[in-house]
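Below: one structure, written as structure tokens.
All heavy atoms count here, side chains included; hydrogens, waters and symmetry mates do not. When a ligand or atom number is given, it counts from 1 through the structure's own listing order.
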Amino acid sequence: MSDNTVIEVSELHKAFGDLQVLRGVDLRVERGEVVCIIGPSGSGKSTLLRCVNMLEQPNAGRVSVDGVDLTDPDVDIDAARRRIGMVFQSFNLFGHLNVLDNLTVAQRKVLKRDKENAETVARANLTKVGLSEKEKSFPNQLSGGQQQRVAIARALSMDPDVMLFDEPTSALDPELVGDVLGVMRQLADEGMTMLVVTHEMQFARDVADKVLFMDGGVIVEQGDPEQVIGAPQHERTKSFLARVL
Ligand code: ADP
Ligand code: MG
């Protein structure tokens, strides 16, 4: 594994009871890379992301983040997880906290930042996602797209080494998708390392360094976006793209 490798997954297996969901997944994300995962519903994309930060315990295989093997039982999983920002389809903001407090609570509790420092970081990230006017708003006063941008700013406030996105725009009204994708494009341009599950093929084509097509718990095909989305080789990739494009 090179020093530039941020995420390395090898031979990952995950089952829920008799259901084999991940059946030997290998992937690698280098520093500064954007890797997009596409594939049909139920193919194991969310389970894969959840195994990368150990929200799910794999049955076999290895997950390394910044060279630390997260499947090692002796590893400090909370410390390792702090390096990983995660943004879900459902925004998961704290409804009883205003936007600023949503962004500072984990910084203070987990990173032990003082209030002033945490608020400075929070405001910088709110500005980055275009929501500096909203720091006193509560989540239910914001649109879905604004809530998702707050969720991104909250993850960024923990200074992650890598950001995982699980269909961050799937729950949004179509007219709100563009703002969220715009923030993600900007992050990519700034060099953030990103692993993104998405159905937004245009985003994957424009932004990804690498696209992985997943089906049935394995990565069927991977490569440049122009190759995988533009000129897929496998029948399963072709039929999936025919349905979504
Ligand atoms: P995707 O994100 O590609 O739609 P998922 O990883 O969410 O796929 O799910 C893959 C399969 O695993 C599905 O059949 C789903 O029902 C099943 N699954 C996911 N999480 C669980 C769980 N916690 N318990 C049981 N089955 C699960
Ligand atoms: Mg999913």
Side-chain angles (χ1 to χ4, degrees), residues 7-29 34-63 65 70-71 77 81 84-93 144-145 147-149 151-152 155 160 162-174 176-177 180-181 183-184 194-205 207-208 210-223 225 228-229 232 234-245:
I7 297 177
E8 184 162 54
V9 170
S10 49
E11 269 304 302
L12 196 70
H13 287 75
K14 175 67 184 175
F16 297 105
D18 290 339
L19 183 66
Q20 293 290 334
V21 174
L22 300 179
R23 298 187 294 165
V25 173
D26 297 284
L27 78 88
R28 179 193 284 260
V29 184
V34 178
V35 174
C36 285
I37 303 174
I38 62 172
S41 179
S43 57
K45 305 179 301 296
S46 294
T47 303
L48 173 59
L49 280 201
R50 292 168 61 80
C51 284
V52 169
N53 64 1
M54 294 289 134
L55 290 174
E56 296 287 357
Q57 186 71 39
N59 297 109
R62 259 172 58 103
V63 176
V65 175
L70 305 192
T71 54
I77 193 69
R81 222 181 248 144
I84 307 171
M86 179 124 185
V87 174
F88 301 89
Q89 182 175 339
S90 53
F91 328 119
N92 295 358
L93 298 176
Q147 289 185 58
Q148 192 59 299
R149 285 185 284 150
I152 293 171
V162 54
M163 290 281 285
L164 311 181
F165 292 88
D166 191 359
E167 298 194 33
T169 60
S170 293
L172 300 178
D173 292 335
L176 304 177
V177 167
V180 172
L181 293 180
V183 166
M184 293 170 65
M194 297 164 54
L195 180 58
V196 183
V197 174
T198 187
H199 289 298
E200 295 291 337
M201 295 301 143
Q202 195 58 50
F203 174 84
R205 246 181 140 137
V207 180
K210 204 160 65 187
V211 172
L212 312 183
F213 171 69
M214 200 169 166
D215 194 13
V218 295
I219 291 166
V220 173
E221 181 161 0
Q222 61 177 298
V228 176
I229 300 174
H234 289 255
E235 277 313 317
R236 284 149 86 183
T237 321
K238 287 180 193 169
S239 73
F240 171 74
L241 289 168
R243 277 180 280 134
V244 298
L245 286 178

Inset, instruction - Examine all N, O or S atoms of Ser46, backbone included, and report whether one is under 2.8 Å from the Mg ion (ligand 2). - result: yes
Considering the heavy atoms of [X], write down every atom of ligand 1 situated less than 4.0 Å from one of them.
X     : value
Val21 : 10 (C), 11 (C), 12 (O)
Pro40 : 3 (O)
Ser41 : 4 (O)

So which protein heavy atom does [atom] come closest to, and at what separation?
atom                    : answer
atom 7 (O) of ligand 1  : Ser46 CB, 3.6 Å
atom 3 (O) of ligand 1  : Lys45 NZ, 2.7 Å
atom 9 (O) of ligand 1  : Thr47 OG1, 3.9 Å
atom 27 (C) of ligand 1 : Phe16 CD1, 3.3 Å

Please indicate whether any nitrogen or oxygen in [X] is less than 3.5 Å from any nitrogen or oxygen in ligand 1.
X      : result
Glu167 : no
Gly44  : yes
Gly42  : yes

Inset, instruction - Could you walk me through whether Phe165 and Ile152 pass the side chain to side chain contact (heavy atoms under 4.5 Å, CB included) test, one step at a time? - result: CA-CA 9 Å; Phe165 292 88; Ile152 293 171; 3.9 Å; yes
Legend entry - Interatomic distance, Glu11 atom CD to His13 atom NE2 [nearest 0.5 angstrom]: 5.5 Å
Legend entry - Nearest-0.5 Å distance, CE of residue Met184 to SG of residue Cys36: 7.0 Å
Legend entry - Which segment of Leu19 sits under 4.0 Å of ligand 1 when only heavy atoms are counted: side chain
Legend entry - Student check: side-chain heavy atoms of Phe88 and Ser170 closer than 4.5 Å: no
Inset, instruction - Check Ala204 against Ile229 and note the closest heavy-atom contact, atom names and distance. - result: CB-CD1, 3.8 Å
Legend entry - With Lys14, the side chain to side chain contact (heavy atoms under 4.5 Å, CB included) member among Thr47, Leu48, Val25: Thr47
Inset, instruction - Let me know which of Val63, Ile7, Leu12, Val52 forms a side chain to side chain contact (heavy atoms under 4.5 Å, CB included) with Leu27. - result: Ile7
Legend entry - Protein heavy atom under 4.0 Å of atom 17 (C) of ligand 1: yes
Inset, instruction - Would you confirm whether His234, through its side chain, and Pro232, through its main-chain N or O, come within 3.5 Å as a donor-acceptor pair? - result: no
Legend entry - Verdict with reasoning, Val87 to Met163, per side chain to side chain contact (heavy atoms under 4.5 Å, CB included): CA-CA 8 Å; Val87 174; Met163 290 281 285; 3.9 Å; yes
